[in-house]
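To keep things clear, I will list the structure first and then write my remarks on it.
Chain letters run A, B, ... following the sequence lines, proteins first, then strands; residues in each count from 1. Basis for what follows: all heavy atoms, side chains included, without hydrogens, waters or symmetry-related copies.
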Amino acid sequence: MTARHDLPSVGTLVHAADLHLGAPLNSLGTKVGEAQAQELRALAVQAFDRLVDLTLAQQADILVLAGDLYDQADYEVGAQVRFVSAMRRLVEAGVRVFIAYGNHDPLVSTFRPAATLPAEVTVFAADRPQVHTVALRSGHSVDVAGVSFGKQHESANLARRFHQLATNPRRTIGVLHTNVGSNDQHGDYAPCTVADLEVAPVGYWALGHIHDRTIQSLGAGRWWAYPGNLQGRSTKATECGPKGALVVPILADGFGEPRFHASDTVRFARSDVDASTADNLGDTLDLIVTQLAELEEQADGRSLVARLRLTGSSAAHHALTTQADLLHLAREQNTTGVLISTIEVATRPRVDRDQVLARDNLQSDIVRALDGVDNPSDRLLGLLDGQISGLADARLRKQLEADPSLANALLTRVETLLIDLLEDPS
Amino acid sequence: MTGQLLIDEVYATRFGGLDNTALALGGEGLVVVHGPNESGKTTFATLLAWLLAGPSGAPADSLRFGAPHDQVSGRLDGRLNGQSVRIEGVFKLLLKRLPNANGLTAQLAGTKLDLSGWRTTIGGIDAKVLTATYRMWGADLHDDEDVLAEITQTALTGMGRGPRLADVVERLQNMRIEHLTARSEGAESFSTLGVRRTAIEAEIKAIGDNATTYRTVESDVSRLADQLHASRVRASQLTTDVAAIKALQSVTKERARERAITDELNAMATVPADWMPLVEQVDHMVATATAAETAVGTARTAERDLRAAVAAVGLDDAQADHLRVTHATVTTVQVALTRLDTARTTQQTAEANHRGAQIAATAADDDARRALAACPEVSADVLTARPLAETDVRGLRGAVAEWATAERQVVAAHTTVSAAERRLEIAAGALETARAQWDRLGTGTTAQLWRAAPAPVPPVEVPTSDATTPTSRAWLPVAVAGAVALVAVLALPRWAAVGVTAAAFAGMVLAVRRGRTTTPTPPVTAPAPSPIIDPAIDAERLEAANAVIAAELGVDQARSELQRVQADLTRLQRDLVNPRQAVDDECRHLSLAMGDTPAATSSLVDRALSASNAVTAQAKARQHLGQVHSALQQAGDDVTRVLAELCATLAEAGVPADLACEPMAGSIDALRQVTDLVAKHRVAERDADEARQTFETLIEPLGPEAAERSRASLVTELEQLAALHAERTRLSDERSRLEHDITTRLREHPVAKDLAAQRRSDAEWEAELAQRQDDLAQSEEERDDLNRRLGELRQTMEQLLDSDQLTQKRLELGMISERADEQLLAGVVAAAARSLLGSVAAERRRNHQPELVARAGSLLASVAPDWKQLLVDPIDSGSAEVTVVDAAGAELATSRLSTGARALTHLALRLATAELDAERRRLRFPIICDDPLVHLDDERAQAVMSLLAQAAEHGHQVIVFTCHGRTVDAALAVGGRVVSLG
């Protein structure tokens, strides 16, 4: 798609979503000290301050916040007060702010605000999209349309409700909290399709809900985008990498390509560490530290929390799987400033699977038993029959539903575990 | 194709109790060798085994077949793969080892084989293999340890090694528990984390109303702030009212006071106008009057002091006026007096020194005169011109000492020469005596010649006796020796004297001995005129000769000695010249005369030195006298000069000339004081005049009457008027101040003006004031309480704002959830692994038993239909557990079977082992059984026999040794043959 950077800009839009104020972090990993957690919490809160600074620095005309501003209905008072204070600051600087609430912060009657937003901040009501015309500093104008969630589990396709608007798509910004394409990594709230977005008379879809940053073109000067959340919250895949907001040039006839600006103060990363060259635990720890150093370099000076997965067919596999305090050891050896949240041992013994299959023993029987399973989930659940509690079973099923690849991964772990345990130590 | 070894006959040549005994077995198939106890069954079985594969078993067991070192032997005949074979064995029994198997030889189809060759032929079967595989003792068939050790080794080979399955299962079970359900303290299982998650969610819920609390608190703060404001306003009003009332009360009092002052002023007298200027400067007037009085008093005092001082120094007024004695004058006079004292002291000292110098000079003159008289050899002029010092005569003294030494040496040499001459004389005398003695002996030769060759001596008849006979001349050799010794000591040097004395006494001893005879000698009658040898005479001659020789030696030595000392004397005398010359030279150098002797010369030197010292001392004393005299004259001149300076200074200071100069030490300061007092008096008179004049000028406005009055009275009246004026002024000022205060109060408290219009009494106003003050205090308490409550609320608001409890709890919740999921998956993996392992292991166990076990199971199943399968499970790397599976699938470990069942099972395993071994070696070896059916019931016994028959059918020759008829019957039942023993 042709970038319209060369066309003159008549205004600037800053698009952010999924602030999750009050709970900027979800998880830091295992056995993280309270002091360190507090330090990272304090840092994470500053991501919102960076958004405000960015908006002012860009001399934005409009700031749209597409849902999940807060994490829960039980809002942290301090977070509310800080948010309202920041809104006042933006309003005083002449920025028009538009808010569409999402599944984490739906517009419900039980919402108990601790502070009152300035009148100049527009909160979209639920049910039907509302349109507001905004006069830009350049003298041009744009329309901003949006709608909030009226309930947490909003299942209606709210995008389609924009189809009835009588707006000029090249001059209209749509603000919506939605799941485009029913992304299974996130709750399927207000689901819609790309086609729904394309049909609506909206030139720039400022969306929220999906934490992965996505920028897609709908044609010349038309876009739909998820800025991703403002600050990563855990080492879950969707939370890793740079997080921030999008700055969108408002053109005379359409919208320019959104540009990403990082605002996160604590960054999360996931990384595989190939332990196939390691002969022992010490070698593995060295590889871990090397990998952490590389990750730290890429974090641009931010605090970094990393989840590591040890992979490969390694001579250190047995040592790694039997080392009870591997995470503690790795943290002790860690000479970087990166916080290791978790270490997943996904190595395999340095035994060729085909060689195992070629043997005629228990290990080969196990490998054969797990080879070519049609339905890994059923196979796994079958093996577990009666061995886990109802609560654990329910949780497991939920995770299997959410991640179909999980069953296969677990069966692989079963195979690796048994091969390792049955390996003749002599 | 598998071969076969069949035994036809075993022949015991000499083996145990068997001598030349044969056992025919008849070849293939099942054969039972039946015989009673002690018939040789075991012996034959053992011999058979030894012949097939060599001795085996325990060394002690082998001694059952003979005594140690016995040779046992036997042979067997058979067929190996159809070829005849004879094996012969000769074995020597040993006490602690098995017999060597090398005594075994085989002959196979004409080919002779040694042990190694035979073993190779039979596929490597040795005694160990035979025992483990092909020899079965009935007594041990049920014994686990011995049997299973071999079997499981074979079985486990196929099953591999590894961790015990049960351990792995247990480990997985523990992992499952640890990850999913562990509830011990500190456990982080899915279960415990779930509990914690629930608890945190509850905490979050409890915290969640922060927003409402915040709004409520915010509202309360606002309300209380309003209340506080209202309270402040009221307090301000009350404060104003209180101040106004107080102001009104103050104004009332001040106005009353003002009126009182006015009345007082009206009643008071006033200051006369002409006195006013003076009253206004009363202090100045008083000071002026006081100064005048003081000045007059000072002038009078100065005059009095002056008169006293003048009288004290004895001057009149005119003289006193002329005095100009200043401090500098005093100092100068004092210095001059001090110098005068010093000069006079110096003069006295100089006089004393002069007297002392005179006495010393006189004494030095006397000493010099005496010293010169004692040394006429030297003149005073010479000594004056050139004084002598000890250092000067040191060289002379040394030369004199050397001279004296040389002289003494010469004298000593003379003495030595004299002594040598005397010794020579003595020696000569001794020689002369010795020679005379020799001559008397009439030898007609010299002593030396005689000594060299003594001539025979005419014999002399002498009486013989046994006793020693001293000769009448025994005293002679002693005397001679003594004389010689004496001469030697006196005349010879010691070294020579010792030698001569020794020789002399040696000769003495010899002579004495010769003079004494001990052996009888027969009388010899010498023929006349033939010489007769007389030992006594010969000895005498010897002595005499020796004496002559010694004396001559002494004389020679004395002469030599004399010559030597004379030479020394000559040398010393020659050497004496130099020291004398040296002394002479020194004396000339010092202009002294030399003495005849060193002592004389030394004396002269001493005297000359003394004289020189005395002359020198004299000169010094005279010089000193001259110096002292000059100093004395100088001191006298100084005294005169200082005195003249003192008198001049006094004259200059105006001191009358009739006052002596020297007594000024005490009076000069008094004169200075007079000078000062004169000046002081003049100044005081002048000041008094000025003060009087000033005062009179000041009182001039009072008129001439005032001039008539005394200053004191004028001052007194003035002070009184001044006091009056001051009091009036004070009252006026106070009245003015009150007016000002009233005006100011009314301006500051306009309310007071309004209150004044109410015309209340003082008591009423007092009550009103008290009320207002109470209200004010109450208002203050109220505000304190409001402030306190506001502070608490604001603190709460801040806490709520600063609190990140929810954030913290949510993060904690997230971390616990993540950890719980990790534990869930880990537990799921462990559980699934355990389940999978169980099923796979069970399947493998049933379907993948080693060939050995499968064969044994088949054999067993063929004879025991209730039993379906045999299983072997490795317990560890060296042992296993055998389990029997019945038709229903139930498993029973052999360790829990009956003895018979266990024996059957083990036999099946042994037979299966034999079958597999035969297939491997491609040779069916004979199976030797010794009472295999012991411990078995009939059913089991038949089953065992059936198994043995099967083995026979498969090509093994099965030889069963037994004493039991039941075994025979069982064998016959399965088609076996019986051979009887005994």
Side-chain angles (χ1 to χ4, degrees), chain A residues 22-30 32 37-38 41-42 45 71-81 112-115 233-235 341-342 344 359-362 365-366 369-370 380 383-385 387-389 391-392 395-396 399 406 410-411 413-415 417-418 421-426, chain B residues 159-163 165 168 171-172 175-176 180-181 188 190-191 194 204-205 207-215 218 800-808 810-812 814-815 817-822 824-837 839-841 843-844 848 877:
Chain A
L25 299 177
N26 200 29
S27 175
L28 293 173
T30 307
V32 175
Q38 190 171 352
R41 282 202 307 271
V45 166
D71 192 61
Q72 295 277 345
D74 305 327
Y75 305 152
E76 191 75 68
V77 169
Q80 286 191 53
V81 171
R112 297 177 287 278
R233 306 179 74 208
S234 72
T235 54
S341 71
T342 311
E344 179 189 346
R359 298 177 193 162
D360 180 20
N361 58 9
L362 208 53
D365 288 350
I366 287 166
L370 294 177
L380 179 68
L383 286 172
L384 292 171
D385 187 28
Q387 289 197 77
I388 61 176
S389 68
L391 202 61
R395 181 66 187 156
L396 175 64
Q399 290 200 33
L406 179 60
L410 291 175
L411 287 176
R413 284 172 63 173
V414 167
E415 180 183 295
L417 175 61
L418 285 174
L421 288 176
L422 292 171
E423 193 67 23
D424 180 3
S426 65
Chain B
M159 297 181 79
R161 297 289 184 268
L165 195 61
V168 175
R171 192 163 166 189
L172 288 169
M175 286 171 67
R176 183 184 72 81
L180 291 178
T181 60
E188 279 201 345
F190 176 76
S191 176
I204 289 173
K205 197 174 166 62
I207 295 168
D209 220 5
N210 274 1
T212 301
T213 306
Y214 184 82
R215 291 300 290 262
E218 195 179 40
L800 287 171
L801 275 175
D802 289 343
S803 169
D804 65 345
Q805 267 187 316
L806 279 176
T807 309
Q808 179 187 347
R810 291 211 185 95
L811 181 59
E812 194 177 336
M815 289 163 68
S817 298
E818 187 175 319
R819 178 72 181 145
D821 285 344
E822 286 174 5
L824 170 64
L825 297 182
V828 159
V829 167
R834 176 168 167 267
S835 176
L836 181 64
L837 178 63
S839 61
V840 169
E843 190 182 337
R844 168 158 281 272
H848 288 81
S877 61

Taking all heavy atoms of [X] and all of [Y], pick out the closest pair and write down the distance.
X        : Y        : result
A:Ala37  : B:Leu811 : CB-CD2, 4.2 Å
B:Ala832 : A:Leu384 : N-CD2, 3.7 Å
B:Ser835 : A:Gln387 : CB-NE2, 3.2 Å

Q) Going through the checks in order, is the side-chain contact (heavy atoms from CB on, under 4.5 Å) test met by B:Leu837 and A:Leu362? A) CA-CA 8 Å; B:Leu837 178 63; A:Leu362 208 53; 3.8 Å; yes
Note: vs chain B, highest number of non-hydrogen pairs under 4.5 angstrom among A:Thr235, A:Leu406, A:Leu391 is A:Leu391
query = Under a 4.5 Å heavy-atom cutoff, which of A:Glu415, A:Arg413, A:Arg359, A:Gln38 has the most pairs with chain B?
reply =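 The residue among A:Glu415, A:Arg413, A:Arg359, A:Gln38 with the greatest pair count is A:Arg413.
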What part of [X] gets within 4.5 angstrom of chain B, counting heavy atoms only: side chain, backbone, both, or neither?
X        : answer
A:Val45  : neither
A:Ala392 : both
A:Leu417 : side chain

- Would A:Asn26 and B:Arg810 count as a side-chain contact (heavy atoms from CB on, under 4.5 Å) if you check the C-alpha gap in whole Å, the side-chain angles of each, and the deciding distance to 0.1 Å? CA-CA 7 Å; A:Asn26 200 29; B:Arg810 291 211 185 95; 5.9 Å; no
Look up atom [atom1] in [X] and atom [atom2] in [Y], then write down how far apart they are to the nearest 0.5 Å.
X        : Y        : atom1 : atom2 : answer
A:Leu396 : B:Leu824 : CG    : CG    : 5.5 Å
B:Leu800 : A:Gln80  : CG    : CD    : 11.0 Å
B:Arg834 : A:Leu418 : CZ    : CG    : 12.0 Å
A:Leu383 : B:Ser839 : CG    : OG    : 7.0 Å

task = For the pair A:Asp365 and B:Glu843, evaluate side-chain contact (heavy atoms from CB on, under 4.5 Å) and give the outcome as yes or no after the intermediate values.
result = CA-CA 9 Å; A:Asp365 288 350; B:Glu843 190 182 337; over 6 Å; no
- request: Indicate yes or no: at least one non-hydrogen side-chain atom of B:Gln808 is less than 4.5 angstrom from one of A:Arg41.
  value: yes
| query | Given A:Leu411 and B:Val829, is the side-chain contact (heavy atoms from CB on, under 4.5 Å) satisfied, shown in steps? | reply | CA-CA 7 Å; A:Leu411 287 176; B:Val829 167; over 6 Å; no
Measuring heavy-atom distances to chain A, does [X] have an atom under 4.5 Å in its side chain, in its backbone, in both, or in neither?
X        : value
B:Leu836 : both
B:Glu818 : side chain
B:Ala826 : both
B:Arg819 : side chain

